[in-house]
Every structure is written in C-alpha cells, then in structure tokens.
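Data block below; observations after.
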Amino acid sequence: MLRNTPKSHILFACAFIAIAVGFYFYIKDSLPPIRIYQDCPSPDLETQTKNTEGSEDCKDQGKWKIGDLVMTPGLKYAQPNTQQGRTDVNSVTNWNVPLVWEGTFDPVVIDEIYREMDPRIAVVVFAVGKYTRFLKGFLETGEKFFFVGFRVTYYIFTDNEKEVPEIEMGTGRNITILSVPPASRWQDVVLGRMKWATVAIEQQIRDEADYLFMMDIDSVFYNRFGAESLSRLSAVLHRGYYKNTARDSFPYERRPLSKAYIPAGEGDYYYTAAVWGGYLEEMYKLVKYCYEQSQEDAKNNIEAVWQEESHLNRYLLYNKPTKVLSPEYLWSDYDKVSADIKVIRISQLVKNYAEVRPNGGN
C-alpha cells in the first residue's frame, strides 16, 4: 500500500503522528473531559422529548414539567389546514411567537393535550374596598368558562374577608383568601398588587401552582378561556391600541426619570395589565420586577403614568412574551365590538369609578 509513496512523505506523516500523540498526553490531564449530553429542557418549554425527560441528568429539576403532547386515542377533531384560517388579522409576532385569535387554534386539541399534563393554574385577583362587589360575577363566570376541567385556585387578596361570596366550585378548583390592608388611593391598590403578589408567591403560591394569571376583578367571562393562553409568558394586547396606533402614540411612560421609561421610536405593542400570565417562576420575576421598579420610582418622587402597567410594558419590551393574546382576552363592556373580535372571552364591566374607587377615581 505504501510501495509507491515517496519516502519523504512517509517520514513526514510519522513525525506528524508522533507530535500529535505527544501533544495529547501533554494536555490530557489539564483539560476537562469532553462529554456529549443533551441539555435538560426548561420546565416552561411547550414540548420535550421522552428521552430527555427520563434521563438521569434531568430528574428532580423541578416539581412539574410540561411533558409530551399526548392525544387521547379516538378523539375526533377537524383536520388541520395550512391554507385556510384567519386572514384578517396577524397571527404571529415579529419575533415569531403566536398571536392568538379565535380561529387560530383548535380548542378541543389544545385543552385535551394540556389536561394530560395536569397543570395547576393560579389566578390572582385583588378585591379591595368596594371592589368586593365584583367577586361573585367573576368567580361564577370563571367556573363556567375559565380552564374548565383543569385544576384552578383563585387567590383573592382582600381587606374584607366577610364579603367574599360562597361559590359552588368544580372538582379540583378552590378559593384561597389572603388579607391585605385597605388603601386610600386606587393607585396604591394597583401598585400594591405587585408587592403582595411577590410576597404570596414566595411564601405560598410557589408550592401550589405551575402557571399564574394576574387578572382584574371588575371583569366577567363570556366565553371559554383555555390552554391556548398558556406559555412561558403571555401578554394581552390592549384593546385601545392594537389596531391603528403608532408606537410613538402608545401611552408608555415617557419621562426618563421613571424606571418605566420607554423612549420614542421604541416599543412593540401596548399590553394591558388587567390580564397577563405565564409559568409561575416567570411571573414571579415579572411581578417582583414591577414592584422593585415602582419602589425605585417612589424614591425619586415619581409614579409611572399607568402604575404597574407602565412597568409591565417596559419589562416586556426587553423580555419578549412567548405568546401574545388578542384583545379577545380582555375587552370592555364600554366599547363597541370590532369586526375582528369574533368572540369576547373576558370583559371589563361598566362601573362608576368615582363611586367604587377610594379616592373618587382621581
């Protein structure tokens, strides 16, 4: 085989191999071993493989993980079609995550898949002062439409436990009441939500939930609100600014002194703070961020123009949501329904702000 190879080439090859072998023995004890492995997926990923989930390295890294997308055998549903669907709205963001509208998902399929995973859903609401009057409508309609068939706990923060109504709850669904002090300004109630939610997650909710939603209590559910809303971090487009509003006209905090500041020319969407949710640890980071940033503002004698909603929008500009929900997921009974809103899932009620807010709505 080497008969016709020049002797000089053979000598060069031998010398090269000797150098390589010597170099290997020189460095082998000074370098860490090379290891081929598969990273454990984050618990908030929407899918993960059986091989990864069952590997030794991935055990005991979280109490709950989203598992395989398992479908119940025999379940009938419409055939998916890539050529038909909503053409009147955008169903994907610029960073390539879903923008969820009616008609962009199959509710039977997605609810069934997530039921197999059996997540625990937490809903945090604040009913302070006269806002306790909205608890009955919120809870009763939630039991009809919100994650039906899933484990749900409503965490009600209130300054008047006696006014929390008794509601007939479905299997695996509960109410937990947490006491908070009364407030003299509605702005303090709004900002206080971030403080008390942070504390409650640290002390209790973290051990009891996998996903968490923050919602306004002065709302009612009109249609299903289900697993299509779940992701690592889901934000809802504000109904007032989702269509024709230029980013420089969004009501962001524009004062540089505030920690919620977003300069002109920046921004994606304007998100509402009346409904938002995600994986529990991601929501913990977000509510804690809003609380700490509002505290920094207070030290500088400034309050963001829309309190925690301003800080929420600042956070989501630089930490993109992994799912954006259309205004179906928070409309308002004040507003005429637009043609692109095929279904209203939850809506804010008409009310006399001057009467229900502690400082007369000012």
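- No more than 12 heavy atoms of other residues, nucleotides or ligands shown are found within 6.0 angstrom of CG on N94.
- In this structure, I262 is a member of the same hydrophobic cluster as V305, with clusters built from ILVMFWY side-chain heavy atoms closer than 4.5 Å.
- A salt bridge between R247 and D268 is absent, with no side-chain N of the basic residue lying under 4.0 Å from a carboxylate O of the acidic one.
- Nearest heavy atoms, L69 versus M117: CD2-CE, 3.4 Å.
- Residues V152 and Y211 form no side-chain contact, since every pair of their non-hydrogen atoms from C-beta on lies 4.5 Å or further apart.
- Side-chain atoms of E208 and Y155 form a donor-acceptor pair, as typed in the model, at a separation below 3.5 Å.
- Taking each heavy atom of L316 and A235 in turn, the nearest pair found is CD1-CB, 3.6 Å.
- Side-chain contact of E163 with T132: a donor-acceptor pair under 3.5 Å is present, judged by distance alone.
- Proximity of the aromatic rings of F221 and F138 is defined here by a centroid distance below 6.0 angstrom, and this criterion is met.
- For the pair Y291/V199, no side-chain contact is recorded, criterion being any heavy-atom separation below 4.5 Å from C-beta on.
- By the rule that hydrophobic residues join a cluster once side-chain heavy atoms approach within less than 4.5 Å of another member, Y271 and V92 end up as members of separate clusters.
- Taking every heavy atom of both residues into account, E253 and A304 meet most closely at OE1-CA, 3.3 Å.
- Transitive grouping of hydrophobic side chains (ILVMFWY, heavy atoms separated by less than 4.5 Å) brings L349 and L135 into a common cluster.
- With ring centers used as reference points, F157 lies under 6.0 Å from F126.
- Atom NZ of K144 has 12 or fewer neighbouring heavy atoms from other residues, nucleotides or ligands inside a 6.0 Å radius.
- When the side chains of ILVMFWY residues are joined at heavy-atom separations under 4.5 Å, either directly or via intervening members, V123 and I167 end up in a single hydrophobic cluster.
- Taking 4.0 Å as the cut-off between side-chain N and carboxylate O, R86 and D88 count as a salt-bridged pair.
- Salt bridge status for R193 with D216: present, with a side-chain N to carboxylate O gap under 4.0 Å.
- Residues Y334 and K351 are in side-chain contact: their nearest non-hydrogen atoms beyond the backbone lie under 4.5 Å apart.
- For F145 and Y222, the ring centers are positioned 6.0 Å apart or more.
- Residues S338 and W331 form a side-chain contact, since some pair of their non-hydrogen atoms from C-beta on lies under 4.5 Å apart.
- Between L233 and M283, the closest side-chain pair of non-hydrogen atoms falls below 4.5 Å.
- Looking only at atom types and distance, the side chain of E309 has a donor-acceptor partner in the side chain of Y270 under 3.5 Å away.
- Of all heavy-atom pairs between R206 and L280, the closest is CA-CD2, 3.7 Å.
- Aromatic pair Y242/Y269: ring centres not closer than 6.0 Å.
- With no hydrogens or angles considered, no side-chain donor-acceptor pair links Q307 and S294 at under 3.5 Å.
- Other residues, nucleotides and ligands place no more than 12 heavy atoms under 6.0 Å from the NZ atom of K136.
- Under a hydrophobic-cluster definition in which Ile, Leu, Val, Met, Phe, Trp and Tyr are linked whenever side-chain heavy atoms come within less than 4.5 Å, directly or via other members, V148 and I110 are assigned to different clusters.
- Within 6.0 Å of atom CG in N96, 12 or fewer heavy atoms from other residues, nucleotides or ligands are found, so the atom counts as exposed in its surroundings.
- Contact detail for A273 and L312: the closest heavy-atom pair is CA-CD2, 3.8 Å.
- Taking the ring centroids of Y279 and Y284, they lie at or beyond the 6.0 Å cut-off.
- Between F150 atom CZ and R120 atom CZ the span is 14.5 Å, to the nearest 0.5 Å.
- Side-chain contact between E102 and R345: present, with at least one pair of heavy atoms (C-beta onward) separated by less than 4.5 Å.
- Shown here for A260 and H311, the closest heavy-atom pair between the two residues is CB-ND1, 3.5 Å.
- Ion pairing between a basic and an acidic side chain is recognised when a charged N comes within 4.0 Å of a carboxylate O; K259 and E296 show no such pairing.
- A salt bridge is absent between E228 and K323: the closest approach of a Lys/Arg side-chain nitrogen to an acidic carboxylate oxygen does not fall below 4.0 angstrom.
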Q | Candidate pair L237 and Y329, rule side-chain contact (heavy atoms from CB on, under 4.5 Å), full reasoning | A | CA-CA 8 Å; L237 298 182; Y329 292 84; over 6 Å; no

